[in-house]
2 protein chains.
Amino acid sequence: MILDIINLKSTIYNLQLIMASKPSIPKGTRDFSPAEVAKRQYIMQIIKSNFEKFGFQPIETPSFENSETLMGKYGEEGDRLIFKILNSGDYLAKANAAHLESKDSTKLTSSISEKALRYDLTVPFARYVVQHQNDIEFPFKRYQIQPVWRADRPQKGRFREFFQCDADVVGSKSLWQEVELVQLYDMVFTDLGLKGATIKINNRKILSGIAEVIGASDKLIDFTVALDKLDKIGEDGVKKEMIEKGISEEAITKVQPLFNFTGSISEKIEKLSQLLASSEEGMKGVEELRFICDNTMNLGLSTAVLDLDVTLARGLNYYTGAIFEVAPPKEVAMGSIGGGGRYDDLTGIFGLKNMSGVGISFGLDRIYLVVEELNLFPKTVTATTKALFINYGDNEAFYAMKAIQQLRTSGIKVELYPDNAKVAKQFQHADRRNIPYAVIIGENEMASGSFALKNLETGDQLSLDFEGLKKALL
Amino acid sequence: MILDIINLKSTIYNLQLIMASKPSIPKGTRDFSPAEVAKRQYIMQIIKSNFEKFGFQPIETPSFENSETLMGKYGEEGDRLIFKILNSGDYLAKANAAHLESKDSTKLTSSISEKALRYDLTVPFARYVVQHQNDIEFPFKRYQIQPVWRADRPQKGRFREFFQCDADVVGSKSLWQEVELVQLYDMVFTDLGLKGATIKINNRKILSGIAEVIGASDKLIDFTVALDKLDKIGEDGVKKEMIEKGISEEAITKVQPLFNFTGSISEKIEKLSQLLASSEEGMKGVEELRFICDNTMNLGLSTAVLDLDVTLARGLNYYTGAIFEVAPPKEVAMGSIGGGGRYDDLTGIFGLKNMSGVGISFGLDRIYLVVEELNLFPKTVTATTKALFINYGDNEAFYAMKAIQQLRTSGIKVELYPDNAKVAKQFQHADRRNIPYAVIIGENEMASGSFALKNLETGDQLSLDFEGLKKALL
């Protein structure tokens, strides 16, 4: 008994040793298996091909930028979440002595780190436009699909490294671009088989108009957050919360129509037009919304639904016109799978004024989860090798390789099991890798110039010449 | 005159101000324009599709790894070139006080940085295999196309961020894999139109054999470096250098056949077999080479040339069997565009023993330069939008958008010029973007339901109905 316990302890100790030594990856990051890569590439390929159909062209920017390019662009919280790269070599030689002495991490950083990993694709895009402005033909429609990094607390669905898929146009204020971006969302989600995504639209100027009407622009966020709870806590609940936040009863009465904000988009726009009649800015927003929504509806959408949502207050600090957010089909409980909007001064931060931009982004990780949950990945996406040639020794393998070489030239994915291992083991390998066919070559086949093709699902076996084999595997 | 100088000074000062404020990217990194991205993707797509034809499956690993995964794997120089990521938050709180006090940058690093950007794809792959060994079916053929980062001194053709394209098999010692990797190189370069690439092969065991014969394994590198100069400095020059490096005349006499190492691969192997007869290790190398070369030659290559090069001593510290290096076609003066080899203990560094691996790598940046220099990029690679619809106002634009929407659904890349700008400006936009067609819609077209399609190269203009337009643009 005592011996058992000692053994057990020793086993646990050994297990701990093994577990401790097993390598791992930093929290918030991910390895992607072959099936996962294939599925991600499937989604990215659909996004990419639609970007290109709409005339967007790809650019790529470096993973790290000079720190001054990124710092100060995302607010204090953003600055904190940017991954900084330590200078190479004897970085302490140039470190600020006073900050080192006082152990002030925040202040020391700029003297020991000159570069940082990009936090999003928008700021690098703005930097790119300004840096290459003489080589760019405007309006410039660019797309960019690259990873970004954020030192955020990892949690379900939130990672420290993730891909962004952005399409932006810079250099034109035309609202046809907003119309096209709604259509772009619709075509991508249609191609993914994701029926019934809701593209919510709002306008910064509508929100400014509401702020004017309630006479409290500093309360705008509180107002929209409360209003957004209408479905959950009812009109009385929302009003109670607004009053608690310091919005006057008088103001709430003025925007009473927003508590019964239903009907078609046209009807909603009509209601807004009455509500915001006194606000010049608000009426501008109404006109913009009307242009975008009317044209979008008259041109028609395939599977997505356009909806006007006045509680949509995404990116309030930088969007100046349209605001977009996409909700997945109702049967999936998940946050937004895309978003975007118009910003009147994209490149101003880098000294190039008057460059209006408008763009949208696709949330790859969430789209992946939605497509997975709805079982919409085509089976072909993860299909790999079509047939495994069983290895019976070097002569048979040479015979196999002659066929394999020709099949591959025809674009057919085939493999030779590399070793002359036990046949059962080779078949097991095909099975575990979901390879649908095995090709068996023995003395008979070599003598007659044929191939035995075995369907591993049904067990059926055919004897074929090379052309027959090729046809069967195409 | 004085005034002129003052003005000049002021102009220079202003110019400096502008130049100073124009944003830039870190040295050794690159922005890629749409045309560059398209060309890079073209090459990567050919590599990728061939990887898959050969049964390799994609994985992706995080951009940064835990520092202990990377450090100590690439030698002291490598450790120095790894980009380290500064810990987030108050990193100085956990900094080693003694190293901080003594301002020892190298020693301090591990206490203020836990993560580092990957330096290559091989070590992360080894880490992946060990971490996921229970989910992997061996032999495991994986490919990986991702960026890596090195804090190297940037120079022509050497960057701090660049892509690696690797294919490796782990879990089998079969030499058929070496045969397949030579074929893989051949097929990729053939698909790229790059005729006459030379795939040089050698074997670590051949080099060990030579070291045995010359009786000086510590002089092996000096020996191969000198021998490599045979074409340039002649037999006497090479021998002189060898003697200067401390290799005895007697040893040089023993390997005399290497100074006249010509003929077919079979003849070369025959010469080696006589030369290395006394070395067991060397003869093993001869047998391996014979298997790989005989089978490769008997199966045949499309456009590449296989050559045996005993001076090839790439990766001497880790390769244990075959060594590969690819030289571009002779008309291009450029270093190797690919390389690889076999390493008997890939995953041993992470505690998983006896996992033989063999793999090759494609040098994307250099392949790009070679394909560019030989003018081998198909014109279609950078082709983007097929037709620009001229914008004559909102009514015409709506009519245009109806057609555009349908054309895009059919996969045709078309765009509406977003603004109702001067027509000359819109045509100039099409011209600058190399868009081959313009579609013109006026009152006549709207009344008759037709489209005027203008070929911007020839100036020819046709009046077409929608089906005709679609056919012309397909």
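Per chain, numbering begins at 1; letters A, B, ... match sequence-line order.
- Of all the listed residues (B:Ile59, B:Thr385, B:Asp104), the one sharing the greatest number of non-hydrogen pairs under 4.5 Å with chain A is B:Ile59.
- The most heavy-atom pairs under 4.5 Å with chain B, out of A:Glu101, A:Arg80, A:Met187, come from A:Met187.
- Relative ring orientation between A:Phe51 and A:Tyr143 is described as tilted, the plane-to-plane angle lying within the 30° to 60° band.
- Counting heavy atoms from C-beta on, the side chains of A:Ser110 and A:Ser67 never come closer than 4.5 Å.
- Side-chain contact between A:Asn295 and A:Phe291 is present, with heavy atoms from C-beta onward closer than 4.5 Å.
- A heavy-atom distance below 4.5 Å is found between the side chains of A:Val123 and A:Phe350.
- Proximity to chain B (any heavy atom under 4.5 Å) is shown, for A:Ser49, by neither the backbone nor the side chain.
- With a threshold of 4.5 angstrom between heavy atoms, B:Thr190 does not approach chain A through any atom at all.
- The distance from atom CZ of A:Phe389 to atom CG of A:Leu407, rounded to the nearest 0.5 Å, is 5.5 Å.
- Using a 4.5 Å cut-off between heavy atoms, A:Leu175 makes no contact with chain B at all.
- The candidate with the highest count of non-hydrogen atom pairs below 4.5 Å against chain B, out of A:Arg432, A:Glu60, A:Arg142, is A:Glu60.
- With chain A as the partner, the residue from B:Glu161, B:His132, B:Glu137 showing the most heavy-atom pairs under 4.5 Å is B:Glu137.
- With no hydrogens or angles considered, no side-chain donor-acceptor pair links B:Ser172 and A:Tyr417 at under 3.5 Å.
- Both the backbone and the side chain of B:Asp394 come within contact range of chain A, each with at least one heavy atom under 4.5 Å from a heavy atom of that chain.
- Atom CZ of residue A:Arg150 and atom CD1 of residue A:Ile82 lie 9.5 Å apart, to the nearest 0.5 angstrom.
- Contact annotation for B:Glu65: both backbone and side-chain heavy atoms come within less than 4.5 Å of a heavy atom of chain A.
- Using a 4.5 Å cut-off between heavy atoms, A:Phe56 does not touch chain B at all.
- Your options are B:Thr61, B:Ile85, B:Leu299, B:Asp419, and the one with the most heavy-atom pairs under 4.5 Å with chain A is B:Leu299.
- When A:Thr106, A:Leu81, A:Val414 are compared by the number of non-hydrogen pairs under 4.5 Å with chain B, A:Val414 comes out ahead.
- Residues of residues 124-131 of chain A placed with any heavy atom under 4.5 Å of a heavy atom in chain B are listed by number as A:Arg127, A:Tyr128, A:Val130, A:Gln131.
- The environment of NZ in A:Lys173 is sparse: at most 12 heavy-atom neighbours from other residues, nucleotides or ligands sit within 6.0 Å.
- Here CZ of A:Phe54 is found 5.0 Å from CG of A:Leu184. Values are rounded to the nearest 0.5 Å.
- Both the backbone and the side chain of A:Thr409 come within less than 4.5 Å of a heavy atom in chain B.
- Atom CD of A:Gln133 sits about 8.0 Å away from atom OG1 of A:Thr347, to the nearest 0.5 Å.
- For chain A, the nearby part of B:Lys115 is the side chain; its heavy atoms alone come within less than 4.5 Å.
- The structure places CD of A:Gln45 at 10.0 Å from CG of A:Asn50, a figure rounded to the nearest 0.5 Å.
- With a 4.5 angstrom heavy-atom cutoff, A:Ser63 touches chain B via backbone and side-chain atoms both.
- Contact of A:Gln183 with chain B is made through the side chain alone, with heavy-atom distances under 4.5 Å.
- Heavy atoms closer than 4.5 Å to chain B are found nowhere in A:Ser302, neither backbone nor side chain.
- Side chain of B:Ser410 to backbone of B:Ile412: no donor-acceptor contact under 3.5 angstrom is found.
- Per-residue heavy-atom pair counts under 4.5 Å with chain B were compared for A:Pro62, A:Gly55, A:Gly411, and the maximum is reached by A:Pro62.
- Residue A:Asn87: no heavy atom, backbone or side chain, is found under 4.5 Å from chain B.
- A 6.0 Å sphere centred on CD of A:Glu114 holds no more than 12 heavy atoms belonging to other residues, nucleotides or ligands.
- With a threshold of 4.5 angstrom between heavy atoms, A:Met401 approaches chain B through its backbone and through its side chain.
- Residue B:Leu117 touches chain A through its side chain alone, counting heavy-atom pairs closer than 4.5 Å.
- The distance from atom CD of A:Gln177 to atom CG of B:Leu416, rounded to the nearest 0.5 Å, is 9.0 Å.
- Heavy atoms of A:Gln41 lying under 4.5 Å from chain B belong exclusively to its side chain.
- For chain B, no part of A:Asn420 is nearby; none of its heavy atoms comes within less than 4.5 Å.
- A donor-acceptor distance shorter than 3.5 angstrom exists from the side chain of B:Arg160 to the backbone of B:Asp152, with no hydrogens or angles considered.
- Most heavy-atom pairs under 4.5 Å with chain A: of the set B:Lys84, B:Gln428, B:Arg408, this distinction falls to B:Arg408.
- With a 4.5 angstrom heavy-atom cutoff, A:Ser105 touches chain B via backbone and side-chain atoms both.
- Using a 4.5 Å cut-off between heavy atoms, A:Ser88 contacts chain B through its side chain alone, with no backbone atom that close.
- For the set B:Arg40, B:Lys141, B:Glu68, the entry with the most heavy-atom pairs within less than 4.5 Å of chain A is B:Lys141.
- Annotation: side chain of B:Val169 is not in contact with side chain of B:Phe140 (no heavy-atom distance under 4.5 Å).
- Side-chain contact between A:Ile112 and B:Tyr91 is present, with at least one heavy-atom pair separated by less than 4.5 Å.
- A:Thr382 contributes no side-chain N or O that, together with a main-chain N or O of A:Ala35, makes up a donor-acceptor pair within less than 3.5 Å.
- When B:Gly351, B:Ser33, B:Pro139, B:Ala151 are compared by the number of non-hydrogen pairs under 4.5 Å with chain A, B:Pro139 comes out ahead.
- Most heavy-atom pairs under 4.5 Å with chain B: of the set A:Leu108, A:Ile404, A:Leu100, this distinction falls to A:Leu108.
- Judged by distance alone, with hydrogens and angles left aside, the side-chain atoms of A:Gln426 form a donor-acceptor pair with the main-chain N or O of A:Ala421 at under 3.5 Å.
- Looking at A:Arg118, its side chain does come within 3.5 Å of a backbone N or O of A:Pro147 through a donor-acceptor pair.
- Interface remark: A:Lys48 contributes side-chain atoms only to the contact with chain B (heavy atom separation under 4.5 Å).
- Contact of the B:Arg433 side chain with the A:Gln57 side chain is registered, since non-hydrogen atoms from C-beta on lie closer than 4.5 Å.
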